Amino acid sequence: MTVRVRFAPSPTGYLHIGSARTALFNYLYARHVGGKFLLRIEDTDLQRSTDESTRSILDGLAWLGFQPDEEIVYQSNNADKHRAAALKLLAEGKAYRDFTPKEEPGDKNVKQAIVERARQQGGDKNLRDNPYRDLSKEESDHRAAAGEPFAIRLKVAETGKTSFEDAVYGLNERSYSETEDLVLLRSDSSPLYNLAVVVDDIEMGITHVIRGQDHINNTHKQILIYEALGEKVPEFAHLPLILAPGGKKLSKRIHGEIVSMTTYRDAGFLAAAFRNFLALLGWSPKTEQEIMTMDELIESFTLEGIHRNNAIFNFDANDKKRWTDDKAIWMNAEYIRTMPLEELIPFAKTELQSNKLWREEYDEDEKAWFEQTVDLIRQRFFTLKDFSNQGRAFFSEDFDYDPAAIEKNLGKEPNLRIWLPELADVLEQTEDFTHDNLQEVVKQFCEAKGTKLGILLNGARVLLTGQGVGPSMLAVLETLGKEKVCMRLRSQVVWNL
RNA sequence: GGUCGGUUCGUCUAGGGGUCUAGGACACCGCCCUUUCACGGCGGCGACACGGGUUCAAAUCCCGUACCGACUACCA
(Lines give C-alpha, C1' and ligand atoms only; values in the text may rest on other atoms or scores of the structure.)
Protein backbone atom coordinates (compact mmCIF):
# COMPACT_ATOMS: atom_id res chain seq x y z
CA MET A 1 0.00 0.00 0.00
CA THR A 2 1.34 3.38 -0.92
CA VAL A 3 1.74 5.77 1.93
CA ARG A 4 -0.23 8.98 1.56
CA VAL A 5 0.25 11.84 3.99
CA ARG A 6 -1.12 15.34 4.00
CA PHE A 7 -0.29 18.72 5.41
CA ALA A 8 -3.53 20.50 6.30
CA PRO A 9 -3.14 24.10 7.39
CA SER A 10 -6.04 26.41 8.01
CA PRO A 11 -5.59 29.72 6.24
CA THR A 12 -6.05 32.03 9.18
CA GLY A 13 -2.61 33.62 9.07
CA TYR A 14 0.81 33.14 7.57
CA LEU A 15 2.73 29.89 7.58
CA HIS A 16 3.71 29.36 11.21
CA ILE A 17 7.11 27.95 12.01
CA GLY A 18 5.51 24.98 13.73
CA SER A 19 3.28 24.32 10.74
CA ALA A 20 6.30 24.55 8.50
CA ARG A 21 7.98 21.84 10.50
CA THR A 22 4.85 19.69 10.36
CA ALA A 23 4.89 20.11 6.60
CA LEU A 24 8.57 19.20 6.54
CA PHE A 25 8.08 16.03 8.56
CA ASN A 26 5.16 14.98 6.39
CA TYR A 27 7.23 15.64 3.31
CA LEU A 28 10.30 13.81 4.59
CA TYR A 29 8.23 10.84 5.65
CA ALA A 30 6.46 10.62 2.31
CA ARG A 31 9.73 10.79 0.42
CA HIS A 32 11.47 8.37 2.73
CA VAL A 33 8.92 5.66 2.13
CA GLY A 34 8.21 6.56 -1.47
CA GLY A 35 4.71 7.81 -0.71
CA LYS A 36 2.68 10.84 -1.69
CA PHE A 37 2.69 14.22 -0.02
CA LEU A 38 -0.64 16.02 -0.31
CA LEU A 39 -1.88 19.43 0.67
CA ARG A 40 -5.31 20.36 1.94
CA ILE A 41 -6.38 23.84 2.85
CA GLU A 42 -8.82 23.73 5.76
CA ASP A 43 -10.84 26.78 4.98
CA THR A 44 -14.13 25.82 6.57
CA ASP A 45 -14.03 28.67 9.04
CA LEU A 46 -15.31 31.30 6.66
CA GLN A 47 -15.00 34.02 9.28
CA ARG A 48 -11.29 33.65 9.74
CA SER A 49 -10.04 32.19 6.48
CA THR A 50 -8.63 34.57 3.94
CA ASP A 51 -7.24 34.21 0.44
CA GLU A 52 -4.27 36.21 1.53
CA SER A 53 -3.42 33.63 4.15
CA THR A 54 -3.77 30.85 1.64
CA ARG A 55 -1.38 32.62 -0.68
CA SER A 56 1.06 33.27 2.11
CA ILE A 57 1.02 29.63 3.15
CA LEU A 58 1.47 28.45 -0.41
CA ASP A 59 4.35 30.90 -0.82
CA GLY A 60 5.98 29.62 2.31
CA LEU A 61 5.67 26.01 1.22
CA ALA A 62 6.97 26.79 -2.22
CA TRP A 63 9.94 28.59 -0.72
CA LEU A 64 10.74 25.57 1.43
CA GLY A 65 10.40 23.36 -1.59
CA PHE A 66 7.45 21.22 -0.60
CA GLN A 67 5.36 20.83 -3.71
CA PRO A 68 2.32 18.63 -3.22
CA ASP A 69 2.19 15.53 -5.39
CA GLU A 70 -1.46 15.99 -6.27
CA GLU A 71 -3.85 18.83 -6.72
CA ILE A 72 -4.50 20.96 -3.64
CA VAL A 73 -7.75 20.10 -1.89
CA TYR A 74 -9.84 22.95 -0.55
CA GLN A 75 -11.92 21.64 2.28
CA SER A 76 -14.74 24.11 1.79
CA ASN A 77 -15.47 22.46 -1.57
CA ASN A 78 -16.31 19.21 0.17
CA ALA A 79 -19.04 20.48 2.49
CA ASP A 80 -21.68 18.37 0.72
CA LYS A 81 -19.73 15.20 1.34
CA HIS A 82 -19.25 16.10 4.96
CA ARG A 83 -22.95 16.73 5.30
CA ALA A 84 -23.81 13.47 3.60
CA ALA A 85 -21.61 11.58 6.04
CA ALA A 86 -23.37 13.19 9.00
CA LEU A 87 -26.76 12.41 7.54
CA LYS A 88 -25.73 8.83 6.94
CA LEU A 89 -24.75 8.44 10.58
CA LEU A 90 -28.03 10.01 11.59
CA ALA A 91 -29.98 7.59 9.43
CA GLU A 92 -28.07 4.66 10.91
CA GLY A 93 -28.82 5.80 14.43
CA LYS A 94 -25.15 6.47 15.15
CA ALA A 95 -25.82 10.16 15.50
CA TYR A 96 -28.78 12.14 16.75
CA ARG A 97 -30.43 15.51 16.35
CA ASP A 98 -29.81 17.93 19.17
CA PHE A 99 -32.55 20.54 19.36
CA THR A 100 -30.87 22.50 22.15
CA PRO A 101 -30.86 26.13 21.05
CA LYS A 102 -27.45 27.29 19.95
CA GLU A 103 -25.61 29.08 22.68
CA GLU A 104 -24.78 32.66 21.87
CA PRO A 105 -21.13 33.47 22.39
CA GLY A 106 -20.54 35.49 25.56
CA ASP A 107 -18.55 38.67 25.67
CA LYS A 108 -15.37 37.23 27.08
CA ASN A 109 -13.12 35.22 24.86
CA VAL A 110 -14.23 31.74 24.00
CA LYS A 111 -11.21 29.98 25.33
CA GLN A 112 -11.60 31.50 28.75
CA ALA A 113 -15.30 30.66 28.89
CA ILE A 114 -14.55 27.04 28.03
CA VAL A 115 -11.93 26.68 30.72
CA GLU A 116 -14.27 28.20 33.28
CA ARG A 117 -17.08 25.89 32.35
CA ALA A 118 -14.76 22.90 32.47
CA ARG A 119 -13.56 23.92 35.89
CA GLN A 120 -17.10 24.15 37.21
CA GLN A 121 -18.02 20.76 35.86
CA GLY A 122 -15.02 19.32 37.63
CA GLY A 123 -14.44 15.60 37.49
CA ASP A 124 -18.02 14.46 37.71
CA LYS A 125 -19.35 15.73 34.46
CA ASN A 126 -21.70 13.43 32.64
CA LEU A 127 -21.33 13.83 28.92
CA ARG A 128 -24.28 11.58 28.11
CA ASP A 129 -27.03 13.64 29.69
CA ASN A 130 -28.27 15.34 26.57
CA PRO A 131 -32.09 15.02 26.68
CA TYR A 132 -32.25 14.58 22.89
CA ARG A 133 -29.82 11.69 22.84
CA ASP A 134 -32.56 9.13 23.25
CA LEU A 135 -35.43 10.97 21.63
CA SER A 136 -37.52 8.59 19.55
CA LYS A 137 -36.94 8.60 15.84
CA GLU A 138 -40.56 9.61 15.24
CA GLU A 139 -40.42 12.63 17.46
CA SER A 140 -37.02 13.66 16.17
CA ASP A 141 -38.21 13.41 12.57
CA HIS A 142 -41.37 15.22 13.44
CA ARG A 143 -39.64 18.17 15.06
CA ALA A 144 -37.13 18.40 12.24
CA ALA A 145 -39.93 18.36 9.68
CA ALA A 146 -41.62 21.14 11.60
CA GLY A 147 -38.60 23.27 10.92
CA GLU A 148 -37.04 23.25 14.36
CA PRO A 149 -33.28 23.87 14.09
CA PHE A 150 -30.92 21.16 15.26
CA ALA A 151 -27.28 20.18 15.33
CA ILE A 152 -26.22 16.61 14.63
CA ARG A 153 -24.12 14.98 17.31
CA LEU A 154 -22.30 11.69 17.29
CA LYS A 155 -23.79 9.21 19.72
CA VAL A 156 -20.78 8.09 21.69
CA ALA A 157 -21.25 4.80 23.58
CA GLU A 158 -21.67 4.90 27.36
CA THR A 159 -18.74 2.67 28.15
CA GLY A 160 -15.55 1.78 26.41
CA LYS A 161 -12.50 3.63 25.22
CA THR A 162 -10.76 4.77 22.12
CA SER A 163 -7.18 3.72 21.69
CA PHE A 164 -4.47 3.98 19.11
CA GLU A 165 -0.79 3.28 18.85
CA ASP A 166 0.92 6.56 18.10
CA ALA A 167 4.15 6.27 16.16
CA VAL A 168 5.72 8.85 18.44
CA TYR A 169 3.84 8.77 21.73
CA GLY A 170 3.03 5.10 21.88
CA LEU A 171 -0.24 3.67 23.16
CA ASN A 172 -2.92 6.28 23.75
CA GLU A 173 -6.17 5.46 25.47
CA ARG A 174 -9.11 7.57 26.41
CA SER A 175 -12.30 6.56 28.11
CA TYR A 176 -15.52 7.39 26.27
CA SER A 177 -16.62 9.18 29.42
CA GLU A 178 -14.04 11.85 28.60
CA THR A 179 -15.39 12.48 25.14
CA GLU A 180 -18.56 14.43 24.56
CA ASP A 181 -21.18 13.59 21.96
CA LEU A 182 -19.34 15.77 19.51
CA VAL A 183 -21.19 17.94 17.09
CA LEU A 184 -20.83 16.80 13.49
CA LEU A 185 -23.07 19.33 11.80
CA ARG A 186 -24.02 22.76 13.08
CA SER A 187 -27.62 23.88 13.19
CA ASP A 188 -26.95 25.83 10.01
CA SER A 189 -25.95 22.45 8.55
CA SER A 190 -22.31 23.37 8.09
CA PRO A 191 -19.82 20.63 9.03
CA LEU A 192 -17.39 20.82 11.91
CA TYR A 193 -13.67 20.31 11.85
CA ASN A 194 -13.44 16.75 13.13
CA LEU A 195 -16.05 15.47 10.69
CA ALA A 196 -14.54 17.35 7.78
CA VAL A 197 -11.05 16.09 8.52
CA VAL A 198 -12.12 12.47 8.72
CA VAL A 199 -14.25 12.57 5.59
CA ASP A 200 -11.52 14.32 3.63
CA ASP A 201 -8.78 12.05 4.90
CA ILE A 202 -10.85 9.05 3.83
CA GLU A 203 -11.58 10.64 0.48
CA MET A 204 -7.91 11.46 -0.07
CA GLY A 205 -6.84 7.98 0.97
CA ILE A 206 -4.61 9.24 3.76
CA THR A 207 -2.72 6.40 5.42
CA HIS A 208 -0.62 8.32 7.94
CA VAL A 209 -1.68 11.42 9.81
CA ILE A 210 1.34 13.38 11.00
CA ARG A 211 0.40 16.52 12.92
CA GLY A 212 0.98 18.50 16.09
CA GLN A 213 0.62 16.94 19.50
CA ASP A 214 -2.13 19.44 20.24
CA HIS A 215 -4.38 17.21 18.11
CA ILE A 216 -4.14 14.11 20.26
CA ASN A 217 -7.54 14.71 21.77
CA ASN A 218 -9.02 15.26 18.34
CA THR A 219 -7.58 11.95 17.28
CA HIS A 220 -9.75 10.16 19.80
CA LYS A 221 -12.80 11.96 18.46
CA GLN A 222 -11.85 11.28 14.91
CA ILE A 223 -11.35 7.60 15.60
CA LEU A 224 -14.96 7.49 16.81
CA ILE A 225 -16.05 9.00 13.53
CA TYR A 226 -13.96 6.57 11.47
CA GLU A 227 -15.49 3.70 13.38
CA ALA A 228 -19.03 5.00 13.04
CA LEU A 229 -18.44 5.40 9.34
CA GLY A 230 -17.07 1.88 9.16
CA GLU A 231 -13.77 3.05 7.73
CA LYS A 232 -10.22 2.01 8.38
CA VAL A 233 -8.42 4.20 10.89
CA PRO A 234 -5.10 5.53 9.60
CA GLU A 235 -1.80 5.49 11.46
CA PHE A 236 -1.06 8.51 13.61
CA ALA A 237 2.15 10.26 14.52
CA HIS A 238 1.91 13.30 16.75
CA LEU A 239 4.71 15.80 16.87
CA PRO A 240 6.01 17.67 19.91
CA LEU A 241 5.29 21.36 19.88
CA ILE A 242 7.69 24.20 19.24
CA LEU A 243 7.52 26.66 22.12
CA ALA A 244 8.80 30.15 22.80
CA PRO A 245 11.59 30.83 25.29
CA GLY A 246 10.23 30.20 28.76
CA GLY A 247 8.20 27.27 27.47
CA LYS A 248 5.17 29.27 26.47
CA LYS A 249 3.22 28.79 23.30
CA LEU A 250 4.75 30.45 20.29
CA SER A 251 2.05 32.75 19.03
CA LYS A 252 1.57 35.37 16.40
CA ARG A 253 -0.09 37.68 18.87
CA ILE A 254 2.70 37.70 21.40
CA HIS A 255 5.76 36.96 19.32
CA GLY A 256 4.89 38.60 16.05
CA GLU A 257 6.80 38.10 12.83
CA ILE A 258 9.31 35.77 14.41
CA VAL A 259 6.88 32.88 13.92
CA SER A 260 6.23 33.50 10.23
CA MET A 261 8.13 31.67 7.54
CA THR A 262 8.11 34.67 5.26
CA THR A 263 10.16 36.53 7.85
CA TYR A 264 13.04 34.13 7.31
CA ARG A 265 12.80 34.22 3.57
CA ASP A 266 12.80 38.01 3.68
CA ALA A 267 15.64 38.12 6.17
CA GLY A 268 17.96 36.37 3.76
CA PHE A 269 17.74 32.80 4.94
CA LEU A 270 18.40 29.99 2.52
CA ALA A 271 15.49 27.57 2.41
CA ALA A 272 17.91 24.66 2.60
CA ALA A 273 19.46 25.98 5.77
CA PHE A 274 16.18 26.75 7.46
CA ARG A 275 14.78 23.37 6.52
CA ASN A 276 17.86 21.73 7.98
CA PHE A 277 17.45 23.70 11.19
CA LEU A 278 13.75 22.88 11.44
CA ALA A 279 14.39 19.19 10.89
CA LEU A 280 16.59 19.10 13.97
CA LEU A 281 13.90 20.62 16.16
CA GLY A 282 12.12 17.63 17.60
CA TRP A 283 13.82 15.01 15.50
CA SER A 284 17.27 13.54 15.53
CA PRO A 285 19.07 11.39 12.98
CA LYS A 286 20.89 9.90 15.98
CA THR A 287 24.24 10.62 14.45
CA GLU A 288 26.46 13.59 15.06
CA GLN A 289 25.97 14.99 11.62
CA GLU A 290 23.96 18.21 11.72
CA ILE A 291 24.43 19.72 8.30
CA MET A 292 22.29 17.60 6.01
CA THR A 293 21.10 17.97 2.47
CA MET A 294 17.47 17.32 1.62
CA ASP A 295 18.45 13.90 0.27
CA GLU A 296 20.27 13.05 3.46
CA LEU A 297 17.30 14.18 5.54
CA ILE A 298 14.96 12.04 3.47
CA GLU A 299 17.30 9.10 3.70
CA SER A 300 17.62 9.19 7.47
CA PHE A 301 14.16 10.38 8.45
CA THR A 302 12.07 8.00 10.53
CA LEU A 303 9.12 8.55 12.83
CA GLU A 304 11.07 6.72 15.55
CA GLY A 305 13.59 9.55 15.55
CA ILE A 306 10.96 12.05 16.65
CA HIS A 307 10.87 12.71 20.33
CA ARG A 308 8.08 13.44 22.71
CA ASN A 309 9.19 16.54 24.51
CA ASN A 310 8.48 19.98 23.19
CA ALA A 311 11.37 22.02 21.82
CA ILE A 312 12.05 25.66 22.51
CA PHE A 313 12.70 28.01 19.64
CA ASN A 314 15.20 30.31 21.24
CA PHE A 315 15.44 34.02 20.53
CA ASP A 316 15.67 37.35 22.27
CA ALA A 317 13.51 40.16 20.93
CA ASN A 318 15.67 42.72 22.73
CA ASP A 319 18.96 41.58 21.24
CA LYS A 320 19.56 42.59 17.65
CA LYS A 321 22.08 39.86 17.10
CA ARG A 322 19.77 37.21 18.51
CA TRP A 323 16.52 38.21 16.92
CA THR A 324 16.02 34.56 16.08
CA ASP A 325 17.46 31.22 17.18
CA ASP A 326 21.27 31.25 17.34
CA LYS A 327 21.52 27.88 15.77
CA ALA A 328 19.35 28.87 12.83
CA ILE A 329 21.58 31.85 12.19
CA TRP A 330 24.72 29.77 12.53
CA MET A 331 23.35 27.16 10.18
CA ASN A 332 22.47 29.74 7.57
CA ALA A 333 25.98 31.19 7.83
CA GLU A 334 27.45 27.73 7.56
CA TYR A 335 25.49 27.10 4.37
CA ILE A 336 26.51 30.44 2.91
CA ARG A 337 30.20 29.88 3.44
CA THR A 338 30.38 26.20 2.58
CA MET A 339 27.85 25.58 -0.17
CA PRO A 340 29.16 25.19 -3.71
CA LEU A 341 29.86 28.66 -5.05
CA GLU A 342 27.84 28.12 -8.20
CA GLU A 343 24.77 27.42 -6.07
CA LEU A 344 25.27 30.55 -4.03
CA ILE A 345 25.82 32.89 -6.97
CA PRO A 346 22.16 33.03 -8.05
CA PHE A 347 21.10 33.94 -4.51
CA ALA A 348 23.72 36.68 -4.32
CA LYS A 349 22.55 37.93 -7.70
CA THR A 350 18.93 38.09 -6.61
CA GLU A 351 19.88 39.89 -3.44
CA LEU A 352 21.88 42.50 -5.36
CA GLN A 353 19.14 42.88 -7.94
CA SER A 354 16.52 43.66 -5.38
CA ASN A 355 18.77 46.37 -3.99
CA LYS A 356 19.65 47.83 -7.37
CA LEU A 357 23.26 46.79 -6.94
CA TRP A 358 23.33 44.30 -9.79
CA ARG A 359 25.10 45.08 -13.04
CA GLU A 360 24.74 43.00 -16.18
CA GLU A 361 28.53 42.88 -16.54
CA TYR A 362 28.61 40.51 -13.59
CA ASP A 363 27.09 37.95 -15.90
CA GLU A 364 29.43 38.78 -18.75
CA ASP A 365 32.85 40.48 -18.76
CA GLU A 366 33.05 40.66 -15.00
CA LYS A 367 31.68 37.22 -14.29
CA ALA A 368 34.98 35.92 -12.95
CA TRP A 369 35.47 38.99 -10.78
CA PHE A 370 31.96 38.68 -9.42
CA GLU A 371 32.35 35.05 -8.52
CA GLN A 372 35.70 35.61 -6.84
CA THR A 373 34.30 38.51 -4.90
CA VAL A 374 31.29 36.56 -3.67
CA ASP A 375 33.59 33.75 -2.66
CA LEU A 376 35.84 36.19 -0.82
CA ILE A 377 33.18 38.03 1.16
CA ARG A 378 30.88 35.10 1.97
CA GLN A 379 33.18 33.89 4.75
CA ARG A 380 31.83 36.17 7.43
CA PHE A 381 28.26 36.54 6.25
CA PHE A 382 25.24 35.29 8.13
CA THR A 383 22.42 35.92 5.70
CA LEU A 384 21.94 36.73 2.05
CA LYS A 385 21.14 40.27 3.15
CA ASP A 386 24.80 40.73 4.01
CA PHE A 387 25.61 40.84 0.30
CA SER A 388 23.77 44.13 0.09
CA ASN A 389 24.59 45.40 3.58
CA GLN A 390 28.10 44.54 4.73
CA GLY A 391 29.12 43.67 1.22
CA ARG A 392 27.68 46.78 -0.37
CA ALA A 393 31.00 48.56 -0.87
CA PHE A 394 32.11 45.83 -3.25
CA PHE A 395 29.27 46.66 -5.60
CA SER A 396 28.61 50.34 -5.15
CA GLU A 397 30.24 53.65 -4.32
CA ASP A 398 27.25 54.48 -2.21
CA PHE A 399 27.83 52.74 1.10
CA ASP A 400 27.67 53.62 4.78
CA TYR A 401 30.43 53.63 7.34
CA ASP A 402 29.83 51.57 10.45
CA PRO A 403 30.24 53.99 13.41
CA ALA A 404 31.68 51.27 15.64
CA ALA A 405 34.28 50.47 13.00
CA ILE A 406 35.22 54.13 12.66
CA GLU A 407 35.79 54.42 16.35
CA LYS A 408 37.69 51.20 16.67
CA ASN A 409 39.87 51.31 13.59
CA LEU A 410 40.34 55.01 12.91
CA GLY A 411 40.02 56.54 16.36
CA LYS A 412 43.18 55.03 17.77
CA GLU A 413 45.67 56.60 15.36
CA PRO A 414 45.12 60.26 14.43
CA ASN A 415 47.87 60.07 11.82
CA LEU A 416 45.70 57.80 9.70
CA ARG A 417 43.99 60.86 8.33
CA ILE A 418 47.29 61.84 6.74
CA TRP A 419 48.69 58.39 6.09
CA LEU A 420 45.75 56.89 4.24
CA PRO A 421 45.72 59.51 1.46
CA GLU A 422 49.50 59.10 1.30
CA LEU A 423 49.05 55.38 0.95
CA ALA A 424 46.77 56.13 -1.99
CA ASP A 425 49.63 58.04 -3.65
CA VAL A 426 51.96 55.11 -3.18
CA LEU A 427 49.46 52.56 -4.42
CA GLU A 428 48.70 54.66 -7.45
CA GLN A 429 52.30 54.15 -8.52
CA THR A 430 52.12 50.40 -7.95
CA GLU A 431 52.03 48.49 -11.22
CA ASP A 432 51.60 44.98 -9.90
CA PHE A 433 48.32 45.32 -7.96
CA THR A 434 48.20 41.78 -6.65
CA HIS A 435 48.33 40.26 -3.21
CA ASP A 436 52.03 39.49 -2.75
CA ASN A 437 53.31 42.68 -4.22
CA LEU A 438 50.74 44.77 -2.37
CA GLN A 439 51.93 43.18 0.84
CA GLU A 440 55.48 44.38 0.12
CA VAL A 441 54.37 47.86 -0.75
CA VAL A 442 52.17 48.24 2.30
CA LYS A 443 54.84 46.78 4.55
CA GLN A 444 57.41 49.27 3.36
CA PHE A 445 54.93 52.08 3.82
CA CYS A 446 54.37 51.04 7.41
CA GLU A 447 58.05 50.81 8.14
CA ALA A 448 58.56 54.28 6.80
CA LYS A 449 55.79 55.59 9.04
CA GLY A 450 56.84 53.52 12.01
CA THR A 451 53.45 51.92 12.46
CA LYS A 452 52.09 48.42 12.47
CA LEU A 453 50.56 46.83 9.41
CA GLY A 454 47.37 46.12 11.30
CA ILE A 455 46.79 49.73 12.26
CA LEU A 456 47.10 50.92 8.72
CA LEU A 457 45.20 48.17 6.99
CA ASN A 458 42.35 48.22 9.43
CA GLY A 459 42.03 51.93 9.02
CA ALA A 460 41.98 51.35 5.29
CA ARG A 461 39.28 48.74 5.75
CA VAL A 462 36.88 51.32 7.09
CA LEU A 463 37.50 53.72 4.23
CA LEU A 464 37.34 50.98 1.62
CA THR A 465 34.41 48.90 2.85
CA GLY A 466 32.76 50.87 5.62
CA GLN A 467 33.18 47.81 7.83
CA GLY A 468 35.28 46.84 10.79
CA VAL A 469 35.51 43.22 9.77
CA GLY A 470 35.90 41.32 6.56
CA PRO A 471 38.27 39.21 4.53
CA SER A 472 42.02 39.69 4.25
CA MET A 473 42.70 43.34 3.42
CA LEU A 474 45.25 42.54 0.76
CA ALA A 475 42.61 40.49 -1.01
CA VAL A 476 40.21 43.38 -0.60
CA LEU A 477 42.69 45.79 -2.21
CA GLU A 478 43.18 43.47 -5.12
CA THR A 479 39.49 42.85 -5.54
CA LEU A 480 38.47 46.48 -5.41
CA GLY A 481 41.22 47.51 -7.82
CA LYS A 482 43.58 50.43 -7.86
CA GLU A 483 41.18 53.09 -8.98
CA LYS A 484 38.54 52.55 -6.31
CA VAL A 485 41.10 51.95 -3.61
CA CYS A 486 42.88 55.24 -4.27
CA MET A 487 39.70 57.21 -4.55
CA ARG A 488 38.25 55.88 -1.31
CA LEU A 489 41.50 56.28 0.61
CA ARG A 490 41.51 59.95 -0.34
CA SER A 491 37.89 60.50 0.53
CA GLN A 492 37.38 62.96 3.34
CA VAL A 493 33.77 61.96 3.96
CA VAL A 494 34.41 59.69 6.90
CA TRP A 495 36.62 62.22 8.64
CA ASN A 496 33.87 64.79 8.56
CA LEU A 497 31.19 62.55 10.04
C1' G B 1 -11.13 21.51 37.79
C1' G B 2 -10.54 17.04 34.69
C1' U B 3 -7.90 14.02 30.97
C1' C B 4 -3.40 13.18 28.60
C1' G B 5 1.75 14.03 27.88
C1' G B 6 6.69 15.77 29.02
C1' U B 7 11.28 16.78 32.23
C1' U B 8 19.70 15.25 30.14
C1' C B 9 24.33 21.65 29.80
C1' G B 10 21.25 28.59 28.68
C1' U B 11 19.18 26.28 23.74
C1' C B 12 18.90 21.92 20.09
C1' U B 13 20.16 16.98 21.24
C1' A B 14 23.04 11.59 21.93
C1' G B 15 22.58 7.96 25.34
C1' G B 16 17.03 3.54 26.99
C1' G B 17 20.39 -1.06 33.27
C1' G B 18 27.23 -1.59 33.77
C1' U B 19 31.50 0.91 28.15
C1' C B 20 28.71 7.78 31.60
C1' U B 21 34.52 10.90 35.80
C1' A B 22 27.16 11.64 30.56
C1' G B 23 28.98 12.52 24.00
C1' G B 24 27.97 16.26 19.96
C1' A B 25 26.09 21.14 18.07
C1' C B 26 24.83 26.41 18.92
C1' A B 27 25.87 30.32 22.27
C1' C B 28 29.55 32.04 25.78
C1' C B 29 34.83 32.37 27.51
C1' G B 30 40.19 31.59 26.69
C1' C B 31 44.43 30.46 23.64
C1' C B 32 46.56 29.93 18.64
C1' C B 33 46.75 31.58 13.43
C1' U B 34 46.60 36.32 11.11
C1' U B 35 47.49 42.93 9.53
C1' U B 36 42.16 43.33 12.05
C1' C B 37 37.69 40.37 12.37
C1' A B 38 31.91 37.74 13.46
C1' C B 39 36.59 32.68 9.13
C1' G B 40 39.65 28.57 10.74
C1' G B 41 42.36 25.39 14.67
C1' C B 42 42.76 23.98 19.90
C1' G B 43 40.78 24.15 24.73
C1' G B 44 37.33 25.66 28.78
C1' C B 45 32.60 26.56 31.24
C1' G B 46 28.16 23.87 31.49
C1' A B 47 23.02 19.03 32.49
C1' C B 48 20.61 13.50 34.07
C1' A B 49 13.95 18.17 38.15
C1' C B 50 13.29 16.11 43.35
C1' G B 51 12.20 11.95 46.75
C1' G B 52 11.48 6.92 47.40
C1' G B 53 11.91 1.98 45.63
C1' U B 54 13.70 -2.52 42.31
C1' U B 55 18.83 -4.21 41.32
C1' C B 56 25.39 -6.39 42.69
C1' A B 57 24.70 -1.92 39.44
C1' A B 58 19.87 3.27 37.56
C1' A B 59 20.43 9.21 33.42
C1' U B 60 18.31 4.55 31.84
C1' C B 61 12.97 0.32 35.11
C1' C B 62 8.67 1.32 38.93
C1' C B 63 5.98 4.70 42.31
C1' G B 64 5.19 9.51 44.29
C1' U B 65 6.06 14.92 44.35
C1' A B 66 7.20 19.38 41.82
C1' C B 67 7.28 22.08 37.57
C1' C B 68 5.98 22.76 32.40
C1' G B 69 2.76 21.89 28.28
C1' A B 70 -1.53 20.35 25.34
C1' C B 71 -6.60 19.54 25.22
C1' U B 72 -11.26 20.41 27.35
C1' A B 73 -16.29 24.87 21.38
C1' C B 74 -22.56 24.34 17.06
C1' C B 75 -13.02 27.13 16.33
C1' A B 76 -9.59 24.89 13.24
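Everything numeric in this text was worked out from a predicted model, so none of it was measured. Proteins come first, then strands; the chains are lettered A, B, ... in the order of their sequence lines, and each starts at number 1.
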Which nucleotides of nucleotides 70-76 of chain B have their base under 4.0 Å from a protein heavy atom (B), which only their sugar-phosphate (S), and which neither (-), written as one string 5' to 3'?
SBBBBBB
By side-chain contact (heavy atoms from CB on, under 4.5 Å) - contacts of A:D129 (at least two apart):
A:N126
Closest of B:G6, B:C37, B:U35 to the A:R380 side chain is B:C37
Quick one: which protein N/O atoms are closer than 3.5 Å to N/O atoms of nucleotides 61-66 of chain B? Pair and distance per line, please.
none

Output a table of donor-acceptor pairs, distance under 3.5 Å, between side-chain atoms of residues 450-461 of chain A and any protein atom two or more places apart or on a different chain; print 'none' if there are none.
from   : atom 1 : to     : atom 2 : distance (Å)
A:N458 : ND2    : A:G454 : O      : 2.9
A:R461 : NH1    : A:P471 : O      : 3.0
A:R461 : NH2    : A:P471 : O      : 2.9

Where along residues 471-479 of chain A does a heavy atom fall under 4.0 Å from RNA chain B?
A:P471, A:S472, A:M473, A:L474
Among residues at least two apart in sequence or on other chains, which ones pass side-chain contact (heavy atoms from CB on, under 4.5 Å) with A:K408?
A:K412
A:S189: partners by side-chain contact (heavy atoms from CB on, under 4.5 Å), with sequence neighbours left out
A:R83
Taking any heavy-atom pair under 4.0 Å as a contact, classify A:I312: base, sugar-phosphate, or nothing.
sugar-phosphate
How is A:R308 classified with respect to the nucleic acid when contacts are heavy atoms under 4.0 Å: base, sugar-phosphate, or nothing?
sugar-phosphate
Remember a base hit wins even if backbone is also touched, and classify A:H238 as base, sugar-phosphate or nothing at under 4.0 Å, heavy atoms.
nothing
Using a 4.0 Å cut-off on heavy atoms, which residues in residues 399-411 of chain A reach RNA chain B? List them by number, or say none.
A:K408
Could I get the full list of side chain to side chain donor-acceptor pair (under 3.5 Å) partners for A:D326, not counting sequence neighbours?
A:R322
Listed pairs under 3.5 Å, donor-acceptor, residues 432-443 of chain A side chains, sequence neighbours left out:
from   : atom 1 : to     : atom 2 : distance (Å)
A:D432 : OD1    : A:T434 : OG1    : 2.7
A:N437 : ND2    : A:D432 : O      : 2.8

Under 4.0 Å protein heavy-atom contacts per nucleotide of nucleotides 16-29 of chain B, with B for base, S for backbone only and - for none
-------SBBSSS-
Once side-chain contact (heavy atoms from CB on, under 4.5 Å) is applied, do any residues pair with A:T302, and if so which ones, sequence neighbours excluded?
A:H32, A:E304
